[in-house]
> 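Got a structure for you, questions after.
For the numbers below, each heavy atom of this structure counts, side chains included, while hydrogens, waters and symmetry mates do not.
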Amino acid sequence: MPLPDQGKMDKLLIEGGSPLAGEITISGAKNAALPILCAALLCTEPVTFANVPQLKDVATLLALLMRMGVKVEHEGDIVTIDAGQLSDSVAPYEMVKTMRASILVLGPLTARYGEASVSLPGGCAIGARPVDQHIKGLQAMGANVDVEHGYIRASASRLKGARIVTDMVTVTGTENLMMAACLADGETIIENAACEPEVADLANCLTAMGAKISGAGSDVIRIEGVSRLHGARHRIMPDRIETGTYLCAAAVTGGQVRLTGTQASSLDAVIAKLIEAGCAVRCESDNIHLTAPRRLTAVSLRTAPYPAFPTDMQAQFMALDCVADGAATIRETIFENRFMHAIELQRLGADIHIDGNMAMVRGVERLQGATVMATDLRASASLVIAGLVAEGETMIERIYHLDRGYEHLDEKLAALGAKVQRVKP
């Protein structure tokens with residue numbers, strides 16, 4: 001899969017006012033796919049993954065792996081990775097500057113290759129996301145780690161099992177340390193671990209590769225190190241954030257949609273808020289059906305680590321509250337700089353007041369189309385949702401953020417009846 005950059009200057013033109021209706025299939029989860037693809041670095045045999053989403057972040061990661069000498073076969077949503085001839089343990093700045101998840105090669109490379117040199121990562125500008133927990137955990141397992149000239153450099157002849165208590169709940173930190181611990185000598189216990197479903201999906205993949213892991217999905221994970229892992233097949237879980245985004249889009253437009261190939265059990269907090277807003281939601285084994293009311297009721301929320309309300313759905317619900325009946329408060333507790341979309345929503349006529357980490361949103365009768373600019377991945381999604389309900393045309397610039405995390409967004413929205421088109425430069 002080539003590294004796509006054609007979307008760099010693309011824009012999205014939306015003509016609002018069409019209720020979403022119909023059925024679409026949810027793609028594989030970006031936040032599960034990225035660490036799981038990195039897990040293939042831990043073994044010398046081919047590992048095959050299904051339901052891999054076609055996203056810019058996935059393409060960036062696969063290009064990075066190929067640069068390290070890894071063989072990658074990619075056909076549709078199937079990716080096979082063979083790291084048997086791994087020849088380079090450097091993740092350079094020019095390849096990782098756009099994607100924070102590149103840090104996820106640090107643990108596997110140190111455990112399997114004995115050394116790693118990973119550029120301090122980039123990604124969305126939504127606030128500080130320090131990598132100190134990754135470093136602290138590897139050091140606890142006996143690695144020598146230095147940060148110099150913008151790179152994290154780690155080395156170890158073989159990692160040792162350790163008890164690691166993270167200072168904060170970190171998803172990528174939990175994933176990195178869990179992967180590293182699979183090849184460590186002895187037992188590793190990660191306390192205050194992230195409980196996200198994507199962490200459990202990674203553990204399922206590692207277990208299929210021969211790892212011994214218990215407790216994934218809870219705040220205490222135990223890993224008994226093994227001498228080697230082997231090839232396996234694994235299917236990536238559905239993307240719960242993509243699911244929630246389309247549910248919000250249907251809710252805002254007064255629509256009725258059925259989302260297939262998804263997993264309602266990973267979205268309890270989001271579905272509860274949609275029901276509170278007045279939506280009728282029916283969940284079955286692998287699909288969700290939503291019917292929206294004539295007008296939504298404003299809902300307040302507070303983001304927090306899973307299983308609480310996800311920070312990655314905060315922007316989408318702010319867009320929902322912008323046109324709902326009443327007023328609501330949104331408190332962001334995960335990232336300190338994640339209200340940048342509020343300014344762009346105000347350009348569409350939203351009534352939003354920001355006070356520190358809290359936003360006060362008062363619903364208005366209607367939004368009006370305008371030109372707005374995406375500032376990060378989930379902010380982009382909030383602008384799409386607002387554009388779908390705004391009067392007239394909304395032009396969203398810098399949609400390369402969207403392409404990082406939503407597979408064929410414009411095509412899926414069009415399949416639901418939205419008037420949306422990608423505008424090339």
Side-chain angles (χ1 to χ4, degrees), residues 3 31 34-35 37-42 56-57 59-70 83 85-185 188 190 192-194 202 223 225 334-337 376 404:
L3 183 61
N31 290 340
L34 296 175
L37 292 172
C38 291
L41 292 169
L42 289 165
K56 188 176 292 186
D57 274 8
T60 300
L61 180 60
L62 293 180
L64 173 61
L65 295 178
M66 286 188 284
R67 186 191 184 280
M68 295 174 175
V70 174
Q85 301 301 315
L86 182 69
S87 59
D88 192 355
S89 61
V90 178
Y93 173 73
E94 62 267 20
M95 296 204 69
V96 305
K97 61 184 179 182
T98 63
M99 186 185 65
R100 180 159 192 85
S102 57
I103 190 69
L104 288 164
V105 302
L106 179 64
L109 285 175
T110 305
R112 151 101 189 282
Y113 199 73
E115 62 181 42
S117 184
V118 181
S119 172
L120 291 169
C124 290
I126 57 176
R129 294 192 279 185
V131 296
D132 58 327
Q133 301 304 303
H134 305 244
I135 295 171
K136 173 185 171 184
L138 287 175
Q139 288 174 330
M141 285 190 272
N144 296 312
V145 186
D146 295 304
V147 180
E148 53 187 13
H149 305 296
Y151 279 78
I152 305 169
R153 305 187 193 278
S155 62
S157 56
R158 187 181 182 189
L159 296 173
K160 306 290 185 183
R163 176 173 175 259
I164 302 168
V165 183
T166 60
D167 297 333
M168 55 185 287
V169 176
T170 161
V171 176
T172 55
T174 299
E175 292 166 340
N176 229 341
L177 299 176
M178 183 166 66
M179 287 189 283
C182 288
L183 296 181
D185 180 19
T188 298
I190 305 173
N192 199 28
L202 172 61
I223 309 102
I334 307 296
F335 298 122
E336 75 279 5
N337 197 26
D376 64 67
R404 287 184 48 230

> Between A180 and M141, which heavy-atom pair has the shortest distance, and what is it?
CB-CE, 3.9 Å
> What is the minimum heavy-atom distance between K136 and D167, and which atoms define it?
NZ-OD1, 2.9 Å
> Side-chain contact test, heavy atoms from C-beta onward, threshold under 4.5 Å: evaluate it for T172 versus N176 and give yes or no.
no
> Is there side-chain contact between V131 and I152, with at least one heavy-atom pair below 4.5 Å?
yes
> Report the distance from atom CD1 of I103 to atom CD of E175, rounding to the nearest 0.5 Å.
12.0 Å
> Does a side-chain heavy-atom distance below 4.5 Å link L37 with L62?
yes
> Shortest non-hydrogen contact from V171 to A194?
CA-CB, 3.7 Å
> Kindly give the heavy-atom pair with the smallest separation between Y113 and D88, and that separation in Å.
OH-N, 4.0 Å
> Can you name the nearest heavy-atom pair linking A140 to A162, along with the distance?
O-CB, 3.3 Å
> First locate atom OG1 of T174, then atom NE2 of H134, and finally report the distance between them rounded to the nearest 0.5 Å.
8.5 Å
> Test salt bridge (charged side-chain N to carboxylate O under 4.0 Å, His left out) on R153 and D146; report intermediate values, then the result.
CA-CA 5 Å; R153 305 187 193 278; D146 295 304; over 6 Å; no
> Donor-acceptor pair, T166 side chain versus N192 backbone, under 3.5 Å?
yes
> Can you tell me how far apart OG (S102) and NZ (K97) are? Round to the nearest 0.5 Å.
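Going from OG on S102 over to NZ on K97, the span is 12.5 Å.
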> Quick check: do V105 and M68 have side-chain heavy atoms less than 4.5 Å from each other?
yes
> Is there a donor-acceptor pair closer than 3.5 Å between any side-chain N or O of R112 and the backbone N or O of A83?
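A pair under 3.5 Å: yes.
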> Rounded to the nearest 0.5 Å, how far does CG of L109 lie from OG of S155?
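Going from OG on S155 over to CG on L109, the span is 12.5 Å.
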> Is it the case that more than 12 heavy atoms not belonging to Y93 sit under 6.0 Å from its OH atom?
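Counting other residues, nucleotides and ligands, OH of Y93 stays at 12 neighbours or fewer.
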> Quick check: do L202 and M179 have side-chain heavy atoms less than 4.5 Å from each other?
yes
> Of all heavy-atom pairs between L159 and A143, which one has the smallest distance, and what is that distance?
CD2-CB, 3.8 Å
> Are the side chains of L177 and I164 in contact, using a 4.5 Å heavy-atom criterion?
yes
> Is it the case that over 12 heavy atoms from other parts of the model lie below 6.0 angstrom from the CD atom of E148?
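Result for CD/E148: enclosed.
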> Indicate yes or no: at least one non-hydrogen side-chain atom of P92 is less than 4.5 angstrom from one of L64.
yes
> Supply the atom-to-atom distance M168 CE to Q133 CD, rounded to the nearest 0.5 angstrom.
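Going from CE on M168 over to CD on Q133, the span is 6.5 Å.
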> To the nearest 0.5 Å, how far apart are CG in L106 and CG in L41?
11.0 Å
